[in-house]
Amino acid sequence: MRSNDCGDLRSDHIASEVQLCGWIDRCRDHGGVIFLDLRDQSGTVQITVDPNQGPELFSIAETLRNETVIQVTGCVRARPDEAINQKLNTGNIEVLASDLQILNQVKGNLPFSVSSHDEESVKEELRLRYRYLDLRRERMKRNLKLRHKTIQTARAYLEAEGFIEVETPVLTKSTPEGARDYLVPSRVCEGEWFALPQSPQLFKQLLMVGGLERYYQVARCFRDEDLRADRQPEFTQLDIEMSFMDQEQILNLNEKLIASIWKQVKGIDIPIPFPRLTWKEAVNQYGTDRPDNRYGMELNDVNDIMQDIGFKVFSGAIAKGGSVKCINITGGNNSISNVRIKPGGDIFSEAEKAGAGGLAFIRVRESNEIDTIGAIKDNLTSSQIIELLNRTKSKAGDLILFGAGETTIVHKTLDRIRQYIAKELKLIPKENQKNYWNFLWVTDFPMFEFNTEEKRLEALHHPFCAPNNEDLGNDPKSWSKLLPKSRAQAYDLVLNGLELGGGSIRIHDAKLQQEVLKTIGLSQEIANEQFGFLINALELGAPPHGGIAFGIDRIVMLLTGEESIRDTIAFPKTQQARCLMTEAPANVSKKQLKELNVESTLKDTE
RNA sequence: GGGACCGUAGUUCAACUGGUUAGAGCACCGCCCUGUCACGGCGGAAGUUGCGGGUUCGAACCCCGUCGGUCCCGCCA
């Protein structure tokens with residue numbers, strides 16, 4: 001149907017006869033001559049329709065509207081000097097049409113303009129309803145190409161490293177831990193249900209037991225939880241697992257993988273190895289396990305200074321087992337007014353959203369003088385003030401903000417304020433600046449955290465992470481005592497405050513696996529019912545193994561600079577997990593439900 | 001489950017404090033135009049202000065409900 005792509009035509013093609021297909025991006029009808037911008041996947045080129053080429057051709061051209069699909073035959077020719085358009089890659093030439101076929105018309109009005117010349121922002125609701133039109137636009141096309149390149153680069157790298165891609169089931173078994181499952185009723189096995197995988201975790205471990213040694217998969221994962229800008233009910237992981245590799249080797253391999261993606265996709269050399277923080281360091285210094293450490297304002301623990309002072313908000317918090325921590329904002333005296341940190345202010349309300357009751361502050365003046373509320377100032381001795389200023393490395397002109405209370409709330413509050421202020425004061429590097437891409441490994445996560453609602457320990461990552469050998473020791477008899485306080489051989493890759501991926505060394509010992517399941521409160525019976533196949537496999541020659549999974553959608557979001565992963569996915573869902581284009585989910589017939597032995601408990605509204 | 005914001009011609013936006021016939025750009029339709037490239041000129045059509053109810057002499061605007069979208073908390077790694 002076509003001999004060339006529109007966007008590829010250059011001066012070299014002058015005098016050659018070409019056939020092109022594509023969409024009308026725009027037309028300019030001058031009465032005597034008509035210019036058509038013809039667009040295909042490669043770009044656009046100007047088609048010139050001259051009445052001298054025949055009245056039939058010309059009268060067809062007069063009827064053309066935006067987004068009509070046409071086929072053009074014509075001759076490439078140089079534009080007159082005064083008509084050269086430097087803004088276009090194809091701006092030196094044009095195609096003089098000799099024949100023009102309409103391949104498809106546009107009926108009625110377009111829901112929105114496709115041409116990239118119309119940069120007006122179209123409501124996302126419309127973009128999603130007519131996603132195929134949105135995909136024709138430059139932005140989505142660019143994002144999907146970049147996504148493709150990201151995945152291709154990963155495949156090439158892993159191929160070179162001896163990995164093989166294996167597909168794992170989408171219809172699988174519901175598991176008790178983790179997110180809510182999407183369920184699929186089985187027709188054949190009456191009354192029983194499949195679940196869609198939250199990740200291929202167990203299958204990839206079983207591939208290792210199966211001797212595959214190096215596996216990867218671009219795997220679709222499903223989680224039936226509420227959505228966010230960076231969360232979709234179905235999303236894609238680059239899932240990797242390998243045998244006979246320790247944590248150090250796995251991290252090395254993966255930072256090379258990430259560096260090669262950034263090199264291929266963005267042309268940027270990312271220095272390796274990536275910096276590392278332990279989980280404990282991350283939480284203590286930044287209040288979160290995925291810190292953005294491109295700007296300062298680290299958290300300072302001032303419990304020792306504040307524990308006995310007369311200001312009860314501070315000393316009382318510590319007495320109850322909580323903490324007092326603070327961040328120093330360089331030059332904050334000028335950049336942040338009191339109104340903003342007092343009740344009703346924007347910074348105060350950020351603290352409130354994190355669960356804080358208040359937001360204490362100290363303004364640092366010359367000669368170690370401070371300004372703050374009387375209740376704090378009157379209760380601090382000058383040596384305590386000097387100690388505080390030293391601890392926080394504060395100078396005259398700085399502003400110190402405090403969180404006091406339950407330690408997790410203090411961390412959450414200061415983490416949130418830190419990020420908010422960095423954004424407000426424009427402390428975050430721009431994409432063209434050198435330290436914009438800030439990769440970080442966070443390691444040594446705890447194995448478990450306490451779930452206060454259910455009053456039991458929960459796996460922080462998942463219950464298949466191997467504990468740290470030093471923490472656990474060699475005596476199985478002491479495992480039940482040592483496990484709850486052990487660190488895991490688990491790691492997360494963090495980029496600019498976003499978690500890109502995470503993984504761990506897995507347990508390959510059946511006894512230890514059972515002990516971990518017991519620790520999170522699964523009885524032996526339930527553990528066997530849910531994970532018997534895994535335990536059996538671990539008893540039949542499982543190699544030491546570990547791996548990682550990266551969130552492809554998030555990686556592409558960062559590479560494209562988009563603020564939502566929806567813009568990296570061809571057909572995403574709305575926050576109500578609905579597809580506006582197909583209108584899924586939708587009702588099914590009673591007959592279908594009956595076959596599946598499923599009945600709705602919703603009242604019939606018909 | 002909870003909080004915040006949004007919904008006006010096909011589309012992007014406007015419409016003062018509740019006050020005449022809800023306006024404009026682009027798109028669309030008609031006419032004119034041979035070098036434009038976000039072409040230009042003249043004219044035209046286009047609206048259940050998401051939907052339902054209420055308050056009011058009077059509602060796009062205020063109130064209640066509902067549907068849809070976005071962001072966030074809870075939830076989720």
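Naming convention: chains lettered A, B, ... in sequence-line order (proteins, then strands); numbering from 1 in each chain.
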Rounded distance (Å) that lies between atom [atom2] of [N] and atom [atom1] of [X]:
X        : N     : atom1 : atom2 : result
A/Ile84  : B/G35 : CD1   : C1'   : 12 Å
A/Arg127 : B/U11 : CZ    : P     : 15 Å
A/Phe222 : B/C75 : CZ    : P     : 24 Å
A/Leu580 : B/G68 : CG    : P     : 10 Å

Only one of A/Arg506, A/His545, A/Glu241 passes side-chain hydrogen bond (donor to acceptor under 3.5 Å, both in side chains) with A/Gln205; say which it is.
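In the set A/Arg506, A/His545, A/Glu241, the residue that makes a side-chain hydrogen bond (donor to acceptor under 3.5 Å, both in side chains) with A/Gln205 is A/His545.
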Tell me which nucleotide, if any, is Watson-Crick or G-U wobble paired with [N] when both distances must be under 3.5 Å.
N     : answer
B/A24 : B/U12
B/C31 : B/G41
B/A46 : none
B/A4  : B/U70
B/U17 : none

Are [X] and [N] close enough that a side-chain N or O sits under 4.0 Å from OP1 or OP2?
X        : N     : answer
A/Arg566 : B/C71 : yes
A/Lys353 : B/G2  : no
A/Arg26  : B/C39 : yes
A/Lys123 : B/U11 : no
A/Ser121 : B/C13 : yes
A/Arg28  : B/U36 : no
A/Gln198 : B/C76 : no
A/Arg231 : B/C75 : no

Heavy atoms only, 4.0 Å cut-off, all strands: where does [X] land among base, sugar-phosphate and nothing?
X        : answer
A/Lys107 : nothing
A/Glu94  : base
A/Leu227 : nothing
A/Arg65  : sugar-phosphate
A/Glu124 : sugar-phosphate
A/Gly178 : sugar-phosphate
A/Pro111 : sugar-phosphate
A/Arg554 : nothing

Under 5.5 Å between ring centres and under 30° between planes: does that hold for A/Phe35 against the base of B/U36?
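It does: the two rings, one from A/Phe35 and one from B/U36, meet the stacking criterion.
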For A/His30 and B/C39, is the gap between ring centres under 5.5 Å while the planes differ by less than 30°?
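Stacked: ring centres under 5.5 Å, planes under 30°.
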Determine whether A/Asn451 and A/Glu458 satisfy the following criterion, side-chain hydrogen bond (donor to acceptor under 3.5 Å, both in side chains), listing intermediate values before the conclusion.
CA-CA 6 Å; A/Asn451 182 324; A/Glu458 242 176 12; 2.9 Å; yes
Please report whether the ring centroid of A/Phe464 lies less than 6.0 Å from that of A/Phe531.
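Judged by ring-centre distance (under 6.0 Å), A/Phe531 and A/Phe464 do meet the cut-off.
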On a whole-Å scale, what distance lies between the P atoms belonging to B/C16 and B/A77?
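About 48 Å, rounded to a whole number of Å.
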Taking the same atom, P, in B/C13 and in B/G7, what whole-Å distance lies between them?
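About 10 Å, rounded to a whole number of Å.
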May I ask you to say whether A/Arg223 pairs ionically with A/Asp181, meaning some side-chain N is under 4.0 Å from a carboxylate O?
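No, this pair does not count.
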Regarding A/Arg139 and A/Glu562, does a basic nitrogen lie under 4.0 Å from an acidic carboxylate oxygen?
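Salt bridge flag = yes for A/Glu562 with A/Arg139.
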Do side-chain atoms of A/Ser504 reach the backbone of A/Cys465 as a donor and acceptor pair under 3.5 angstrom?
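Not a single qualifying donor-acceptor pair exists.
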Donor-acceptor pair, side chain of A/Asn143 and main chain of A/Asp567, under 3.5 angstrom:
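Side chain of A/Asn143 to backbone of A/Asp567: a pair is present.
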Nearest-nucleotide pick for A/Asp37, side chain only, options being B/C76, B/C37, B/A38
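Nucleotide nearest to A/Asp37's side chain: B/C37.
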Can you find a donor-acceptor N/O pair under 3.5 angstrom joining the side chain of A/Arg129 to the base of B/G10?
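Flag unset: no donor-acceptor pair detected.
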